[in-house]
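Hydrogens, waters and symmetry mates play no part in the numbers below; they use all other heavy atoms, side chains included.
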Amino acid sequence: MSMHKNHPFHLVDVSPWPLLGSLGAMTTMMGMIKWFHHYETNLFFLGMTITLMVMYQWWRDVVREGTYLGLHTFKVTNGLRWGMILFITSEVFFFISFFWSFFHNSLTPSIELGMNWPPKSIQTFNPIEIPLLNTLILLTSGLTVTWAHHGLMENNYLQTLQGLMLTVLLGFYFTLLQAYEYYEASFTISDSVYGSSFFLCTGFHGLHVIIGSTFLLICLIRHYFNHFSNIHHFGFEAAAWYWHFVDVVWLFLYISIYWWGS
């Protein structure tokens, strides 16, 4: 195949990572089922190891293509931008399904729930304690990532570095506080539909926070090695979009589940 091309599109080379990534994800899911039913985690950790190794090598290839080989032209970047917009749109509908379930059960509690919401056996969290602190943490992280973006647009290396470091630290701090909240919870995911709704909504949001923090951590490392410029930094832009989406979802979670739902 000729190395020269007369179009601005990027035709990717043959790669083993999609197939290996799918195998890793399947192994992880099978491992979770084994963990839930037999309390054995060996298959789960094997799947996670495969998935993380594939993620590292796949991202390495994408960074190499976009940063060193110059394959991410403006037309390619525009396609990536639309892909990210559609991905976040799909995530919006993903969370809408959880909120739909929560409001369906909370607005018309069935006789099995004692026609009461929350059910009388459930001791809910105080919304002005850890949940409020987590809200302030995520709102602050939204400010710091925007500050970092402005620094990048102005070619201010130090400001971008500091903003990204603060955002990543706040993201991991949020995760630690939520893990502590789960540890202190007086109910579990199997305690009626309230427990199921609460842990599904907040758990999947927590997973998205971990993914977003990892996304921003990769951007921090790439910025440290000067991979971004003020006109070519879509990787950072996508991470910032994703983080703002996570912030907005948390605001809906806090208002509906922690404050109104309790």
Side-chain angles (χ1 to χ4, degrees), residues 77 80-96 98-99 102 125-182 198 200-224 227-261:
T77 304
L80 292 172
R81 184 171 281 106
W82 274 108
M84 193 67 192
I85 289 170
L86 292 172
F87 170 67
I88 292 176
T89 302
S90 72
E91 293 281 271
V92 168
F93 283 98
F94 176 76
F95 278 100
I96 282 175
F98 291 132
F99 283 112
F102 178 81
F125 290 101
N126 188 338
I128 63 170
E129 292 180 349
I130 289 179
L132 181 59
L133 177 58
N134 269 342
T135 303
L136 295 174
I137 288 169
L138 277 190
L139 289 176
T140 305
S141 70
L143 291 175
T144 56
V145 78
T146 304
W147 183 53
H149 192 200
H150 279 281
L152 189 57
M153 295 293 290
E154 297 166 3
N155 278 326
N156 190 328
Y157 178 88
L158 185 61
Q159 179 179 316
T160 307
L161 189 71
Q162 291 172 340
L164 273 172
M165 287 178 65
L166 284 171
T167 308
V168 171
L169 288 172
L170 288 168
F172 285 116
Y173 185 37
F174 175 95
T175 302
L176 286 174
L177 284 175
Q178 190 161 39
Y180 176 74
E181 183 182 66
Y182 280 6
F198 176 86
L200 272 175
C201 292
T202 59
F204 270 111
H205 176 267
L207 178 63
H208 281 70
V209 170
I210 293 171
I211 293 170
S213 300
T214 307
F215 203 171
L216 288 167
L217 178 62
I218 299 300
C219 289
L220 174 62
I221 295 169
R222 291 189 65 193
H223 176 67
Y224 179 79
H227 287 185
F228 298 131
S229 71
N230 63 335
I231 60 169
H232 193 81
H233 57 267
F234 176 69
F236 174 84
E237 208 173 351
W241 290 356
Y242 189 83
W243 196 251
H244 288 309
F245 160 74
V246 167
D247 285 354
V248 172
V249 170
W250 175 258
L251 289 176
F252 280 101
L253 275 173
Y254 177 74
I255 293 170
S256 61
I257 293 179
Y258 285 102
W259 181 66
W260 180 83

List the atom of Leu152, the atom of Phe236, and the distance in Å for their closest heavy-atom pair.
-> CD2-CD2, 4.0 Å

Exceeds 12 heavy-atom contacts within 6.0 angstrom, atom CZ of Phe94 | yes

Establish, yes or no, whether a centroid distance under 6.0 Å links the rings of Phe198 and Phe125.
-> yes

Is the count of non-hydrogen atoms from other residues, nucleotides or ligands lying under 6.0 Å from Ile96 atom CD1 greater than 12?
-> yes

Mind checking ring-ring contact (aromatic ring centres under 6.0 Å, His included) for Tyr254 and listing every partner two or more places apart, or none if nothing turns up?
-> none

The ring-ring contact (aromatic ring centres under 6.0 Å, His included) partners of His233 (sequence neighbours excluded) come to His149

Do any pairs count as a salt bridge (Lys or Arg N to Asp or Glu O under 4.0 Å) and have a residue in residues 229-242, sequence neighbours left out, and if so which ones?
-> Arg81-Glu237

Report, as yes or no, whether the 6.0 Å neighbourhood of atom OH on Tyr157 holds more than 12 heavy atoms from other residues, nucleotides or ligands.
-> yes

Please round to the nearest 0.5 Å and tell me the distance separating atom OH of Tyr242 and atom CD1 of Ile88.
-> 8.5 Å

Check: Phe204 ring centre within less than 6.0 Å of Phe95 ring centre | no

Quick one: which residue pairs count as a side chain to side chain donor-acceptor pair (under 3.5 Å) with a foot in residues 204-218, not counting sequence neighbours?
-> Glu91-His208

Mind jotting down which residue pairs meet the side chain to side chain donor-acceptor pair (under 3.5 Å) criterion with at least one end in residues 161-173? Sequence neighbours excluded, please.
-> Thr144-Thr167

Determine yes or no for a side-chain-to-main-chain donor-acceptor pair under 3.5 angstrom, with Gln159 supplying the side chain and His150 the backbone.
-> no

Are side-chain N/O atoms of Thr202 and Tyr182 paired as donor and acceptor at under 3.5 Å?
-> yes

Hey, would you say the Tyr258 and Trp250 ring centroids sit under 6.0 Å apart?
-> yes

About how many Å separate CD1 of Ile210 and OG1 of Thr175, when rounded to the nearest 0.5 Å?
-> 5.0 Å

Give the minimum heavy-atom separation between Ser256 and Phe99, together with the two atoms involved.
-> OG-CE2, 3.3 Å

Minimum heavy-atom distance between Val92 and Phe245, given as atom pair plus value | CG2-CE1, 3.7 Å

Among all residues two or more places apart in sequence or in another chain, which pass the side-chain hydrogen bond (donor to acceptor under 3.5 Å, both in side chains) test with Thr160?
-> none

